[in-house]
S.K.: 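Okay, handing you the structure first.
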Amino acid sequence: MKLINLKINVYLTSKQYQMKLFFKKLLLSVVFFCGSLSSNVNAQSSANINDIMMQAFGWDVHNQASVVAEGGLYNYLNNRAGGYAKAGFNVLWLPPPSKSLGGTGYIPTELFNFSVTSFGTEAQLKTLLTTLNTSSPKIHPMADIVVNHRGGSTNWTDFTNPTWDCKSITSTDEANFVTITGVKPCGTADTGDDFNGARDLDHNDLQVKNGVKEYLTRLKNLGFDSWRWDVAKGFSASFFGDYITASGPYSTVGEYWDGNVNTLKSWINGTGGKSAAFDFAMYYSALQPAFNNGNFSALSGNPGLAGQFGYADKAVTFVDNHDTFVLSGSFVTTTNIMKAYAYILTHPGIPCVFFPHYYGGTYTKDGRSVTYTSNEIDINKLIAIRKANTINAYSSVLISNSSTFYSAIIDNKVAVKIGPGSWNPGDGWILNTSGTDYAVWSKSAINFAPTVSISPIGGSFISGSPKLVTITASDDKPGSTIYYTTDGSTPTSTSTVYSTPVSLSSTTTLKAIAIDSEGLSSAVASQIYTFLNDGNITVKFKPPTTWLVPIKIYHWNALPLANLPNTTWPGNTMTGPDSSGYYSYTFNNIASINIIFTRGTGSPQTADIVGVTQNTCYNMSSGTLVVEECSNLGLDQIDSTSNQLKLYPNPVSSMFKINEEVTELYIYDLSGKIVKQFEGSFNKDTNFDIRNLEKGMYLVKAISVDRLESTLKFIKE
């Protein structure tokens with residue numbers, strides 16, 4: 001048992017201050033005593049106590065205009081990964097990565113299919129995970145693990161990829177008591193709460209146990225190293241402990257949705273002390289009454305799981321999440337949201353920041369919408385104060401007021417006041433940041449890093465119409481200088497100084513930083529601008545046999561939109577089927593289009609297919625949407641040689657070469673998204689490594705030394 005894992009969380013009132021020395025004298029005897037305790041109070045890792053998490057999505061984040069414009073959530077996060085590392089985030093909690101009903105991941109159907117989600121392709125996910133794992137400092141990617149329940153592929157109980165039989169479903173699942181399509185469940189009784197939205201999995205069944213462990217192994221192979229457990233009340237805590245032992249994650253946290261602190265502690269103990277839990281006790285019993293209702297006495301004593309001895313490193317504190325944000329008592333106004341962050345980012349526990357609170361936007365679930373403003377700069381300041389003063393899960397708290405407002409000193413390094421009225425900690429303290437009804441001080445001034453933004457955001461644009469790109473910097477003081485590059489290289493203080501908007505007319509990766517008057521640099525901001533020629537795009541689609549006619553195609557955000565306005569749901573009727581079972585539709589005079597295939601009634605439907613830039617064939621006859629070679633279906637494809645450039649070998653297993661010198665090379669998947677790029681100067685027959693790409697067909701845009709563009713095609717084996 002490590003000493004660091006047993007440090008006491010001390011919440012003190014000013015009247016209790018005289019007890020601090022007494023507690024310190026007791027520390028050694030407490031450690032000696034705890035050596036005989038159960039391992040239930042063992043921490044996941046001593047490193048976790050300093051962590052700050054971000055829930056990097058909201059419920060319908062895939063519908064946010066800013067996310068859609070960048071080609072999906074995975075691309076959006078990848079473009080900002082450097083900023084997360086710079087800001088001080090250690091763990092990025094990502095949405096469920098598997099194919100699911102509805103596309104958001106919470107009713108998974110094919111656990112091992114990472115290609116069909118609302119958030120991007122498997123290749124985009126791998127790129128993001130690589131970026132996070134190689135960032136400095138490293139950001140730990142956390143997968144949302146949904147293994148309490150599962151949906152069938154074509155009926156209630158047919159599980160594919162992996163295939164599990166009726167023994168995988170609990171005998172107490174509602175499918176045993178109603179009329180269903182598919183076989184009846186034949187497993188043992190559920191060991192937790194029933195989930196009515198899908199089939200409850202029987203974790204006593206060996207195929208489920210082994211399947212979950214294989215799933216976690218596959219996720220680690222993708223690049224994840226941490227787990228967030230969905231519906232932790234759904235089956236016995238001991239199974240979570242078993243899965244954690246088998247997979248060895250950096251950190252784990254369970255969604256044990258219960259405001260009773262003792263129940264949370266019991267679940268953690270049930271895992272063998274191997275997992276943290278979201279601090280719903282703090283959320284319901286302290287944060288909501290204090291910051292929504294002004295009842296600051298709720299913050300006195302030892303609030304929440306974070307205030308419990310032996311559990312502070314297992315308490316993930318939060319202000320809202322993708323489920324709670326639409327419920328009664330959630331945090332809606334910017335004022336109350338920032339008061340809550342001023343608390344959790346200066347107090348014990350492992351704080352978690354909610355993506356919608358950070359970036360803003362309108363989010364909708366269950367018929368209710370909430371609109372947030374961006375709090376990125378203010379939250380980053382609070383994170384910087386926490387990091388600079390080494391506030392962590394075990395920090396001690398000296399409370400001086402919890403009546404008409406709240407004030408406290410943390411580790412004798414940080415002072416915070418939240419609520420109305422005036423208060424300050426006295427001499428020797430420097431105000432670091434403040435907002436409506438909150439202020440935070442420390443013993444020294446903190447230089448907050450500037451932030452950089454690029455506008456408009458990257459995307460696809462029509463060739464022949466240059467884009468003027470503006471770069472701006474925000475800082476807590478004047479004097480920042482912006483530096484940028486247009487060749488994809490990382491900018492430094494020797495790069496081009498920004499003074500006027502940058503005009504772009506060819507495919508460009510623009511990166512920028514800001515350096516303040518004291519030499520502190522921002523994170524790198526990056527956007528990719530792709531210029532396309534307009535023309536006609538034909539798409540073909542082979543639906544499942546269960547889909548009834550007519551087959552329709554819904555489209556939106558064509559480029560240019562003036563040439564093709566958005567259609568109304570559920571879209572236009574496709575022509576067909578042809579002799580191969582494919583339906584077709586042609587879009588005229590466009591460069592890019594977003595589409596959804598659907599049955600005439602609008603349901604069922606495919607996930608969003610964004611950024612289609614060329615003739616493409618989609619086959620969903622197996623139930624899984626896949627992109628196919630179109631040449632044998634009557635659609636001409638780009639040849640693998642163009643303008644004298646040749647790519648070889650083709651097909652490619654690991655590397656290919658180009659027969660001429662090139663300066664830029666972009667690889668696109670068949671949806672038109674850039675999945676890999678090479679920039680610099682590459683001699684004839686240079687090896688281009690593509691081992692990280694999935695099997696399939698790709699397009700290559702190669703730019704020669706005289707700036708001539710050629711488009712090539714290759715097959716990745």
S.K.: Please tell me if the side chains of D608 and I596 come closer than 4.5 Å, counting only heavy atoms from C-beta onward.
M.R.: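 Heavy-atom side-chain distance check passes, below 4.5 Å.
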S.K.: Between V147 and W229, does a side-chain contact (heavy atoms from CB on, under 4.5 Å) hold up when you go through it step by step?
M.R.: CA-CA 8 Å; V147 292; W229 302 101; 4.2 Å; yes
S.K.: Is it the case that the side chain of T508 and the backbone of T486 share a donor-acceptor pair, with hydrogens and angles ignored and the cut-off at 3.5 Å?
M.R.: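 Not confirmed, T508 side chain does not pair with T486 backbone.
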S.K.: Is there a side-chain contact between P491 and Y484 (heavy atoms, below 4.5 Å)?
M.R.: no
S.K.: State, to 0.1 Å, how close V61 and Y363 come at their nearest heavy-atom pair, and which atoms those are.
M.R.: CA-CE2, 3.9 Å
S.K.: Could you please spell out the steps behind the side chain to side chain donor-acceptor pair (under 3.5 Å) verdict for S118 and T104?
M.R.: CA-CA 6 Å; S118 297; T104 58; over 6 Å; no
S.K.: Taking H149 for its side chain and Y106 for its backbone only, find out whether a donor-acceptor pair lies under 3.5 Å.
M.R.: yes
S.K.: Which residues pass the salt bridge (charged side-chain N to carboxylate O under 4.0 Å, His left out) test with K233, not counting sequence neighbours?
M.R.: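 Per chain and number, K233 pairs via salt bridge (charged side-chain N to carboxylate O under 4.0 Å, His left out) with D258.
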S.K.: Please answer whether the main-chain N or O of D320 pairs with a side-chain N or O of T324 as donor and acceptor at a distance below 3.5 Å.
M.R.: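 Not confirmed, T324 side chain does not pair with D320 backbone.
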S.K.: Can you see whether N48 engages D51 through a side-chain donor-acceptor pair at a distance of less than 3.5 angstrom?
M.R.: yes
S.K.: Mind checking whether F119 and F57 have parallel, tilted or perpendicular rings, split at 30° and 60°?
M.R.: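 F119 vs F57 ring planes: tilted.
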S.K.: Strictly below 4.0 Å, N to O, side chains only: are E70 and R80 in salt-bridge contact?
M.R.: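 Salt bridge: yes.
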S.K.: From D487 CG over to L510 CG, what is the distance, rounded to the nearest 0.5 angstrom?
M.R.: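 One gets 10.0 Å once the value is rounded to the nearest 0.5 Å.
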S.K.: Show your working on side chain to side chain donor-acceptor pair (under 3.5 Å) between Y666 and T530 and close with a plain yes or no.
M.R.: CA-CA 10 Å; Y666 301 88; T530 303; over 6 Å; no
S.K.: Decide yes or no for I379 and M338: does some side-chain heavy atom of the first lie under 4.5 Å from some side-chain heavy atom of the second?
M.R.: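 In short, these two side chains touch, coming nearer than 4.5 Å.
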S.K.: Do you see a donor-acceptor pair shorter than 3.5 Å between the side chains of N336 and N292?
M.R.: yes
S.K.: Does one side chain, of S455 or T470, offer a donor that lies under 3.5 Å from an acceptor on the other?
M.R.: no
S.K.: Any side-chain to backbone donor/acceptor pair from S115 onto N113? Under 3.5 Å, distance only.
M.R.: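 No, because the side chain of S115 does not come within donor-acceptor range (under 3.5 Å) of the backbone of N113.
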S.K.: Please lay out, stage by stage, how L219 and I145 fare under the test side-chain contact (heavy atoms from CB on, under 4.5 Å).
M.R.: CA-CA 10 Å; L219 291 176; I145 308 299; 3.3 Å; yes
S.K.: For a quick check under 3.5 Å, do T509 and Q677 share a side-chain donor-acceptor pair by atom type?
M.R.: yes
S.K.: Short question: side chain of N133, backbone of G223 - any donor-acceptor pair under 3.5 Å?
M.R.: yes
S.K.: Closer than 3.5 angstrom, by distance alone: can the side chain of T598 be matched with the main-chain N or O of Q605 as a donor-acceptor pair?
M.R.: no
S.K.: Looking at side-chain heavy atoms only, is the closest gap between P97 and Y74 below 4.5 Å?
M.R.: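 In contact.
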S.K.: Please confirm whether the ring centroid of F318 lies under 6.0 Å from the ring centroid of W93.
M.R.: no
S.K.: Would you say the side-chain atoms of S330 pair up with the backbone N or O of F325, donor to acceptor, closer than 3.5 Å?
M.R.: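 Present.
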S.K.: Angle between ring planes, Y358 versus Y84, binned at 30° and 60°: parallel, tilted or perpendicular?
M.R.: tilted
S.K.: Please walk me through it: do L94 and L129 pass side-chain contact (heavy atoms from CB on, under 4.5 Å)?
M.R.: CA-CA 10 Å; L94 301 176; L129 296 177; 3.9 Å; yes
S.K.: Which heavy atom of V68 sits nearest to which heavy atom of H62, and what is that distance?
M.R.: CG2-O, 3.2 Å
S.K.: Should the pair Y283 and F280 be assigned to parallel (<30°), tilted (30 to 60°) or perpendicular (>60°) ring geometry?
M.R.: perpendicular
S.K.: Rounded to the nearest 0.5 Å, how far does CG of D279 lie from CD1 of I350?
M.R.: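 Between I350 CD1 and D279 CG, I get 10.5 Å after rounding to 0.5 Å.
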S.K.: Which value, rounded to the nearest 0.5 Å, describes the distance between F331 atom CZ and Y341 atom OH?
M.R.: 9.5 Å
S.K.: Look up atom NE2 in H357 and atom CD1 in I337, then write down how far apart they are to the nearest 0.5 Å.
M.R.: 4.0 Å
S.K.: Rounded to the nearest 0.5 Å, what's the gap from CG on D516 to CG on D475? Could you check?
M.R.: 5.0 Å
S.K.: When you measure from the side chain of R150 to the backbone N and O of T109, does any donor-acceptor pair fall under 3.5 Å?
M.R.: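 Here the side-chain-to-backbone pair exists.
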S.K.: For I513 versus V452, what's the shortest heavy-atom pair and its separation?
M.R.: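 Of all heavy-atom pairs spanning I513 and V452, the closest is C-CG2, 3.7 Å.
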S.K.: Can you find a pair of side-chain heavy atoms, one from I377 and one from F448, that are under 4.5 Å apart?
M.R.: no
S.K.: Should Q55 and F354 count as side-chain neighbours, where that means a heavy-atom distance under 4.5 Å?
M.R.: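 Touching, per the 4.5 Å side-chain cut-off.
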S.K.: How are the rings of Y554 and W569 set to each other: parallel, tilted or perpendicular (split at 30° and 60°)?
M.R.: perpendicular
S.K.: So how far is it from T472 OG1 to I454 CD1, rounded to the nearest 0.5 Å?
M.R.: 9.0 Å
S.K.: For E122, give me all partners under salt bridge (charged side-chain N to carboxylate O under 4.0 Å, His left out), at least two apart in sequence or on another chain.
M.R.: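 Salt bridge (charged side-chain N to carboxylate O under 4.0 Å, His left out) check on E122 returns K126.
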S.K.: Can you name the nearest heavy-atom pair linking F224 to L125, along with the distance?
M.R.: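 Heavy atoms of F224 and L125 come nearest at CZ-CD1, 4.0 Å.
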S.K.: Is there a donor-acceptor contact under 3.5 Å from the side chain of Q64 to the main chain of T362?
M.R.: yes
S.K.: Determine, stepwise, if the pair Y618 / T606 fulfils side-chain contact (heavy atoms from CB on, under 4.5 Å).
M.R.: CA-CA 11 Å; Y618 302 89; T606 64; over 6 Å; no
S.K.: According to salt bridge (charged side-chain N to carboxylate O under 4.0 Å, His left out), who are the partners of R228, at least two apart in sequence or on a separate chain?
M.R.: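 Testing R228 for salt bridge (charged side-chain N to carboxylate O under 4.0 Å, His left out), a comparison that skips the adjacent residues, returns D144, D230, E255.
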S.K.: Give the minimum heavy-atom separation between V316 and A276, together with the two atoms involved.
M.R.: CG2-CB, 4.2 Å
S.K.: If the plane angle is over 60° it's perpendicular, under 30° parallel, otherwise tilted; pick one for H555 and F587.
M.R.: perpendicular
S.K.: Is there a donor-acceptor pair closer than 3.5 Å between any side-chain N or O of D60 and the backbone N or O of T364?
M.R.: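 Yes, the answer is positive, given that a donor and an acceptor are paired below the 3.5 Å cut-off.
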S.K.: Are any of the side-chain heavy atoms of F461 and L504 separated by less than 4.5 Å?
M.R.: no
S.K.: Does M142 reach the side chain of V253, with side-chain heavy atoms less than 4.5 Å apart?
M.R.: yes
